[in-house]
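For the single chain, residues carry numbers from 1 onward in sequence order. What you see is a predicted model; the values in this text were computed from it and never measured.
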Amino acid sequence: MTKKWWHDKTAYQIYPKSFYDSNGDGIGDLPGIISKLDYLHDLGVDIIWLSPCYRSPLADEGYDISNYYEIDPRFGTMDDMEQLIAEAKKRGMYILMDLVVNHCSDEHEWFQKACKDPDGKYGNFFYLCDKKENELPTNWRSYFGGPVWEDLPGPEKQYLHVFHKKQPDLNWENPDLREEVYKNINWWLEKGLGGFRIDAIMNIKKALPFRNYEPDREDGLSSIANMLKEAHGIGEFLGEMRDRTFKNYDAFTVGEVFNEKPEDIPEFIGDNGYFSSMFDFNETICGGSEKGWYDARMITPDEYKKCCFEAQAKIGNLGFLSNIIENHDEPRGVSRYIPEGDCCIQSKKMLAALNFMLRGIPFIYQGQELGMENVPFTSIEEIDDISTLDEYQTALNAGLSPEEALKAVSRFSRDNARTPMQWDDTENAGFTTGNPWLKVNPNYTSINAASQMNDPNSVRSFYKQLISLRKHPEYKETIVYGSLEPVWEDRQNLMAYYRKGDKTLLIIGNYQKEEQTIELPCAYKKILLNNTSILNQKDRHICLQGYQVLVIEL
């Protein structure tokens with residue numbers, strides 16, 4: 001494997017709207033991020049990924065871009081973005097932006113021109129079909145529910161949108177469209193970006209010609225996933241994009257990749273892959289249901305372990321995964337992966353270590369380092385997320401009461417991760433002096449950055465130790481490049497694995513509140529990390545406390 005500048009880095013995702021508000025309008029902004037760079041630098045962060053802050057009507061919270069060359073005024077100005085890049089560089093940090101090019105906003109100039117002249121140049125930037133009475137071009141269901149087809153204003157045509165109806169899909173089969181995308185990518189890289197997180201990229205290739213699929217719900221529609229399974233040839237687009245843009249700048253790119261075939265992994269993240277890395281979503285999809293969120297179940301500790309090890313085995317040493325516990329599209333990880341009722345400082349630290357010591361690039365989502373939890377939503381009116389609103393209606397349609405539907409979708413709502421960052425215990429968690437755009441989690445008085453900064457036993461301090469260990473000159477080679485070998489896989493509620501390189505490390509997590517005893521294979525040199533003050537040991541036997549995690553040098 002060719003060693004790259006980003007292999008030993010730790011990344012941190014910021015959701016700009018909810019990170020820090022500098023002007024009191026209730027919305028986070030770029031000046032707010034600049035003011036918190038030292039907080040991130042102190043934590044040990046190297047790479048900062050910003051969720052979209054381009055100009056947007058925010059139908060899907062910025063993933064509907066109306067101008068790829070402008071910063072939305074809600075978040076600041078282009079001068080602010082350039083200052084952020086410069087200030088990050090002073091601290092040895094890199095800025096990533098979201099690359100959202102499967103679709104744009106229906107308010108983008110391209111789509112507006114397509115509406116005026118659907119048979120002209122810009123009509124071919126999208127997927128347009130002639131409208132037929134009482135018949136859709138296909139029966140695909142969008143990710144947010146309902147058909148993927150919407151009437152084009154004016155003429156008797158319809159356009160394709162696999163996400164929100166205000167997010168028309170871009171036609172990547174059109175070389176003129178691809179040229180515009182590459183031009184924009186290079187424009188940003190010239191500004192000094194370190195790279196991109198690449199959104200929903202597996203959707204850019206459609207199965208042609210379009211056809212219907214077997215309906216899988218009572219609405220008579222078929223999951224968009226059924227079409228994507230038949231879509232072949234995406235590599236031609238991705239390889240061209242890499243060669244025309246990222247490769248020329250040695251940029252770091254991480255793809256939102258799913259449904260990839262095992263044999264294609266080297267093409268995606270090998271030495272000359274389309275991307276530098278791709279996210280591991282194995283854990284996030286576990287327990288899901290085709291019927292909807294209401295039918296999904298909580299993942300068990302043993303399933304979480306199995307998901308992690310399957311992903312690691314699939315990648316091996318072919319490339320680097322980007323490992324996550326949560327992101328802006330998921331609920332809070334500690335509320336999802338820790339059994340109900342067991343969420344505490346110790347279990348949060350255990351989950352952090354088990355994820356962080358995996359082979360790959362660790363990504364921390366804002367507030368994760370504090371152990372932020374899901375929000376106790378009391379009404380559907382408190383929800384902003386369009387995906388949650390659709391799933392709530394799906395649950396009602398399945399016969400759940402409003403109370404049952406709210407409880408079901410609240411467990412998985414994307415708004416759990418989008419509530420304002422909890423900076424301190426003052427009003428609105430110190431996020432804003434105004435009225436926050438989304439409800440603040442009421443537990444901010446006990447879970448906040450200010451209370452954890454100087455507490456050596458806090459969740460944040462533990463994350464700081466994990467990052468420091470990953471960079472430690474003695475252990476960096478093993479943690480970054482060493483192999484991963486699972487151990488004691490059949491032990492219930494125990495997740496353990498070796499990291500082997502020039503050192504041999506053993507990571508052990510007792511994934512339950514009851515004690516467990518393990519026998520080490522040999523004597524150890526040093527305990528590198530322990531999330532408790534206890535080490536109950538007799539000879540090579542260690543009695544692990546509930547949710548105790550150890551990183552041991554053998």
Side-chain angles (χ1 to χ4, degrees), residues 13 15-18 26-28 51-52 56-64 100 103 141-148 161-167 199-200 217 219 221 223-225 256 281 283-299 324-337 340 365-368 372-421 436-443:
Q13 181 189 355
Y15 196 69
K17 196 174 183 183
S18 297
I27 294 175
S51 285
S56 168
L58 300 190
D60 185 23
E61 293 302 351
Y63 285 88
D64 48 318
V100 188
H103 48 263
R141 183 188 305 107
S142 82
Y143 286 106
F144 296 150
V148 297
H161 62 91
V162 303
F163 289 91
H164 193 279
K165 67 181 181 180
K166 284 182 68 65
Q167 293 170 297
D199 178 70
R217 287 189 194 172
D219 58 9
L221 302 176
S223 168
I224 192 72
E256 188 181 26
F281 292 123
E283 301 77 33
T284 64
I285 62 176
C286 185
S289 169
E290 290 184 357
K291 296 179 182 178
W293 290 358
Y294 76 90
D295 192 52
R297 56 176 179 76
M298 297 296 282
I299 184 172
I324 62 168
I325 291 176
E326 62 200 37
N327 64 24
H328 67 290
D329 276 337
E330 307 295 336
R332 287 290 177 178
V334 294
S335 299
R336 185 178 202 169
Y337 301 125
E340 193 169 357
Y365 178 74
Q366 66 182 45
Q368 177 185 323
M372 282 179 63
E373 302 172 2
N374 275 0
V375 186
F377 293 112
T378 57
S379 165
I380 195 65
E381 279 70 41
E382 292 179 334
I383 302 285
D384 175 81
D385 173 40
I386 54 175
S387 188
T388 307
L389 297 175
D390 171 64
E391 291 286 355
Y392 177 76
Q393 190 58 51
T394 299
L396 293 178
N397 293 343
L400 275 69
S401 70
E403 294 77 16
E404 292 169 331
L406 178 63
K407 182 179 180 182
V409 301
S410 290
R411 290 192 306 168
F412 300 102
S413 175
R414 304 192 298 179
D415 277 353
N416 284 303
R418 298 177 181 188
T419 58
M421 176 74 171
W437 75 276
L438 191 63
K439 172 182 178 176
V440 175
N441 194 321
N443 67 11

### Task
To the nearest 0.5 angstrom, please state how far the OG1 atom of T419 sits from the OH atom of Y15.
11.0 Å
### Message
Under the criterion side-chain contact (heavy atoms from CB on, under 4.5 Å), I'd like the reasoning laid out for L58 against K17: C-alpha separation, chi angles, the key distance, then a yes or no.
### Response
CA-CA 11 Å; L58 300 190; K17 196 174 183 183; 3.8 Å; yes
### Task
Could you list the residues that satisfy salt bridge (charged side-chain N to carboxylate O under 4.0 Å, His left out) with E404, not counting sequence neighbours?
none
## Note on the structure
The salt bridge (charged side-chain N to carboxylate O under 4.0 Å, His left out) partners of R332 (sequence neighbours excluded) come to E326
Do side-chain atoms of [X] reach the backbone of [Y] as a donor and acceptor pair under 3.5 angstrom?
X: R418; Y: H328; answer: yes
X: D415; Y: D385; answer: yes
X: R336; Y: T284; answer: yes
X: Q393; Y: L389; answer: no
X: S413; Y: V409; answer: no
X: E391; Y: Y294; answer: no
X: Y392; Y: L406; answer: no
X: E382; Y: F377; answer: no
X: H164; Y: S387; answer: no
X: N374; Y: N416; answer: no

### Summary
For D199, the side chain to side chain donor-acceptor pair (under 3.5 Å) test, sequence neighbours excluded, returns R197
Heavy atoms, side chains only, cut-off 4.5 Å: are [X] and [Y] in contact?
X: Q13; Y: S51; answer: yes
X: E290; Y: R217; answer: no
X: F163; Y: F144; answer: yes
X: I380; Y: P402; answer: no
X: Y143; Y: I224; answer: yes

Heavy-atom closest pair, residues [X] and [Y]:
X: R141; Y: V148; answer: C-CG1, 3.7 Å
X: E61; Y: D384; answer: OE2-OD2, 2.6 Å
X: H161; Y: Q167; answer: CB-O, 3.4 Å
X: G367; Y: M421; answer: N-SD, 3.5 Å
X: P147; Y: L221; answer: N-CD1, 3.6 Å
X: A408; Y: L400; answer: CB-CD2, 4.3 Å

### Task
Before accepting this row, confirm whether a basic side-chain N of the pair K166/D60 lies closer than 4.0 Å to the acidic partner's carboxylate O.
no
### Stepwise side-chain contact (heavy atoms from CB on, under 4.5 Å) test for C286 and I299
CA-CA 6 Å; C286 185; I299 184 172; 3.6 Å; yes
#### Entry: Pair W437, S18: side-chain N/O donor-acceptor within cut-off below 3.5 Å
yes
### Query
Side chains of S56 and D64: do they bring a donor and an acceptor to under 3.5 Å?
yes
### Query
Could you go step by step and tell me if T394 and K291 meet the side-chain contact (heavy atoms from CB on, under 4.5 Å) rule?
CA-CA 8 Å; T394 299; K291 296 179 182 178; over 6 Å; no
### Task
Could you tell me whether K439 atom NZ has more than 12 heavy atoms of other residues or ligands within 6.0 Å of it?
yes
### Task
Carefully, step by step, assess E330 and R414 under the rule salt bridge (charged side-chain N to carboxylate O under 4.0 Å, His left out).
CA-CA 5 Å; E330 307 295 336; R414 304 192 298 179; over 6 Å; no
### Task
Could you walk me through whether F412 and T388 pass side-chain contact (heavy atoms from CB on, under 4.5 Å), step by step?
CA-CA 8 Å; F412 300 102; T388 307; over 6 Å; no
